[in-house]
Amino acid sequence: MSVFNLGNAIMGSGILGLAYAMANAGVVLFLLLLTVVAVLSSYSIHLLLKCSGIVGIRAYEQLGYRAFGTPGKMAAGIAITLQNIGAMSSYLYIVKYEFPLVIQAFLKLDNPAGEWYMNGNYLVIIVSIAVILPLALMKQLGYLGYTSGFSLSCMVFFLIAVRPSVLIQTREKRYFIFLFCLLCDSCRHTQMNRDPPPPHRHHHLFSIRCSLYSLLWTNVCTAYTIPILAFAFVCHPEVLPIYTELRNATKKKMQHVANISIAVMYIMYFLAALFGYLTFYGKVEAELLHTYSSIDPYDTLILCVRVAVLTAVTLTVPIVLFPVRRAIQQMMFPNKTFYWPRHIAIAFVLLTFINLLVIFAPNILGIFGVIGATSAPCLIFIFPAIFYIRIVPKEEEPLRSPQKILVTFANKNIIPPFQAIFRNWTFL
Ligand SMILES: NC(=O)C[C@H](N)C(=O)O
């Protein structure tokens with residue numbers, strides 16, 4: 001159940017942005033970054049578990065408090081709230097956009113005339129009240145294990161369904177483009193076969209960029225890759241609550257749960273990105289399902305994919321809501337014991353707020369970009385590292401220990417790319 005819950009916390013709308021990230025970074029660079037982010041993600045869970053073992057606390061915000069007092073607690077609480085509200089909004093955004101298309105395809109409505117059930121905003125509100133709110137009112141995360149298992153199986157179905165069937169038809173041509181894309185980061189120029197080749201394609205073929213740095217920062221779209229990946233691997237606010245509910249909990253057992261979840265998601269993320277990318281190449285959009293609309297919205301398989309993704313993201317919302325409620329309780333009502341009216345009221349207010357946000361959300365790439373470039377790196381890389389440095393006593397591990405040097409090194413190498421994103425922040 002814990003693996004299901006953590007897997008469900010990892011897997012969300014991030015998976016839909018990965019094909020776009022791959023199209024912009026190139027397959028090799030994408031795989032490299034995916035591996036780095038997955039390994040660092042698992043490593044930072046190790047750091048969180050170690051800190052929580054030392055101070056005997058199983059809440060992310062409390063670790064912040066132990067490390068830096070109230071500012072640390074507030075920083076962690078705000079980052080968790082921002083990240084998870086961003087994630088939930090992106091899930092409901094998918095409901096808002098995809099649910100009307102599913103209804104349209106089911107009812108075979110060619111020209112919808114403004115029926116209320118085709119209005120995404122109403123559908124978001126209905127799904128929130130009928131499905132998400134009851135699940136979000138559960139007392140413990142553990143009760144959501146079954147829905148998480150179901151949600152993950154929907155994503156497996158999504159993965160099987162998006163395999164690049166188009167590839168088989170024009171194999172030679174596509175293999176050529178694929179090889180080309182392996183070496184080059186500007187696959188957006190290799191439009192589908194229909195388009196004439198861009199004038200500078202020749203130049204691209206023969207000038208393989210030699211430095212990783214220039215590969216990564218040649219255009220701002222490539223710079224989206226790390227925020228999208230960081231967003232996709234965030235599950236850290238859920239780790240300690242899941243640890244608390246684990247039967248016969250030990251650090252080793254929880255790390256094992258985290259490693260299994262991350263490894264499975266790593267494989268699924270790579271396959272989802274590759275399949276989406278090999279189907280559309282440069283035409284892939286920030287949200288993969290969007291791209292499918294351009295083929296045939298009434299195709300049965302695409303309809304099933306939509307239903308699967310809709311189900312999966314809807315069932316993820318309650319999991320992601322738990323840590324936000326906890327963070328709000330820690331920030332606003334510290335030292336208060338469990339109280340049902342407060343538990344229900346926070347869930348209700350949060351869902352209302354997210355519904356309002358979704359009704360006015362600009363687009364999903366904006367959410368990935370902003371959250372991925374701000375709270376996600378804090379929660380995955382920066383906070384676990386600095387909490388570890390502050391909490392683990394110098395006697396137990398001196399500042400020059402390999403562990404602490406690694407933590408500092410990771411932070412030094414992760415932060416500069418994010419600064420570059422802020423410098424290039426033209427999409428806002
Ligand atoms: N749990 C989260 O914060 C986001 C999740 N990793 C996703 O890809 O949607």
Side-chain angles (χ1 to χ4, degrees), residues 4-21 34 37-38 40-42 44-45 48 60 76-95 98 132 136 141 144 148 151-152 154-155 158-159 224-242 258 261-266 268-270 272-273 276 286-289 309-327 350 354 357-358 361 364-381 383-384:
F4 282 163
N5 274 338
L6 196 61
N8 199 18
I10 301 176
M11 170 109 44
S13 54
I15 196 170
L16 300 177
L18 295 177
Y20 178 81
L34 184 76
V37 177
L40 284 179
S41 180
S42 158
S44 61
I45 290 178
L48 283 179
Y60 203 116
I78 290 170
I80 290 175
T81 310
L82 273 182
Q83 164 68 30
N84 288 17
I85 286 185
M88 287 187 282
S89 331
S90 73
Y91 304 158
L92 289 189
Y93 183 82
I94 292 170
V95 173
E98 301 296 335
I132 300 170
L141 251 177
L144 299 175
S148 293
S151 161
L152 285 178
C154 287
M155 278 301 192
F158 159 78
L159 197 64
Y224 272 124
T225 308
I226 294 185
I228 292 175
L229 285 175
F231 182 90
F233 272 103
V234 177
C235 61
H236 299 61
E238 289 82 7
V239 168
L240 295 179
I242 291 175
S261 310
I262 291 177
V264 173
M265 294 313 138
Y266 172 80
M268 285 183 70
Y269 277 176
F270 179 66
E287 202 256 73
L288 187 61
L289 293 181
V309 173
L310 267 176
T311 316
V313 293
T314 305
L315 296 179
T316 306
V317 178
I319 294 273
V320 176
L321 192 134
F322 264 75
V324 189
R325 179 170 40 207
R326 197 175 173 135
L350 270 175
I354 295 158
L357 207 66
V358 166
I364 203 163
L365 184 61
I367 297 181
F368 286 151
V370 176
I371 306 290
T374 51
S375 339
C378 288
L379 291 171
I380 301 197
F381 309 121
F383 289 167

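Throughout, numbering of the chain's residues begins at 1 and tracks the sequence. Below, each value reflects all heavy atoms present in this structure, side chains not excepted, and no hydrogens, waters or symmetry copies. Ligands are counted one by one from 1 in listed order, and the atoms in each one are counted from 1 as well.
Atoms of ligand 1 lying under 4.0 Å from at least one heavy atom of Ala87, given by number and element, are 2 (C), 3 (O), 4 (C). Distances below 4.0 Å separate heavy atoms of Ala9 from the following atoms of ligand 1: 1 (N), 2 (C), 5 (C), 6 (N). Using a 4.0 Å cut-off to heavy atoms of Gln83, the atoms of ligand 1 that qualify are 2 (C), 3 (O), 4 (C).
Met11 places a side-chain heavy atom less than 4.5 Å from the side chain of Leu152. With a 4.5 Å cut-off on side-chain heavy atoms, Thr316 and Ser13 do not count as touching. Using a 4.5 Å heavy-atom threshold, the side chains of Leu92 and Val313 count as separate.
At a heavy-atom cutoff of 4.0 Å, ligand 1 is contacted by the backbone of Ile10 but not by its side chain.
Using a non-hydrogen distance threshold of 4.0 Å, Cys235 does not register as a contact of ligand 1.
Ser42 meets the side chain to side chain contact (heavy atoms under 4.5 Å, CB included) test with Gln255, Asn259, Ile262; sequence neighbours excluded.
Taking every heavy atom of both residues into account, Phe158 and Ile15 meet most closely at CE2-CD1, 4.1 Å.
Within a 6.0 Å sphere centred on OH of Tyr266, heavy atoms belonging to other residues, nucleotides or ligands number more than 12.
Here's the thing with Ile15: none of its N/O atoms is less than 3.5 angstrom from an N/O atom of ligand 1. Taking only nitrogen or oxygen atoms, main chain and side chain alike, Phe231 reaches within less than 3.5 Å of ligand 1. When only interatomic distances are considered, the shortest N/O to N/O separation between Ser13 and ligand 1 falls below 3.5 Å. Inclusion of Gly14 in the set of residues having an N or O under 3.5 Å from an N or O of ligand 1 is warranted.
Ser151 pairs with exactly one of Asn8, Thr314, Thr311 by the side-chain hydrogen bond (donor to acceptor under 3.5 Å, both in side chains) rule, that one being Asn8.
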